[in-house]
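Written below as structure tokens is the structure these notes are about.
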Amino acid sequence: MTDTALAQGMVGLSERPVARARTAGGLVLAAFGGVILLGAGLIFFVEPMIAKMALPRYGRSPSVWNTSVVVFQTLLLLGYTYAWPSHGTGPPQHA
């Protein structure tokens, strides 16, 4: 390649799509992170609301609160257990 091609920036053209792909990948990663944080935040807001609604119905005792926390945590653990095998440990399969 000549010095004029380097000076005009012709070499940099092939690197620009890679930079865009990295930026798009970063945006996707940020979106996934945001959705995960939103889901976790919703769980921590919804759990106490449902437990507070159940307290008057079932006797207003501390055991109602404890039971609701155990139920929510068990459901969360079951959700993680359900999602864990779908992650896979092998190399990604390409079409």
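Note that the structure is predicted; figures quoted are calculated from it, not measured. We number each residue from 1, following the sequence as shown.
Residues meeting the side-chain contact (heavy atoms from CB on, under 4.5 Å) test with T74, sequence neighbours left out: V70, L78.
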Please set out all donor-acceptor pairs under 3.5 angstrom arising from side-chain atoms of residues 52-65, sequence neighbours excluded.
unit_1 : atom_1 : unit_2 : atom_2 : d
S61    : OG     : S63    : OG     : 2.9

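Atom CG of L42 sits about 8.0 Å away from atom CZ of F45, to the nearest 0.5 Å.
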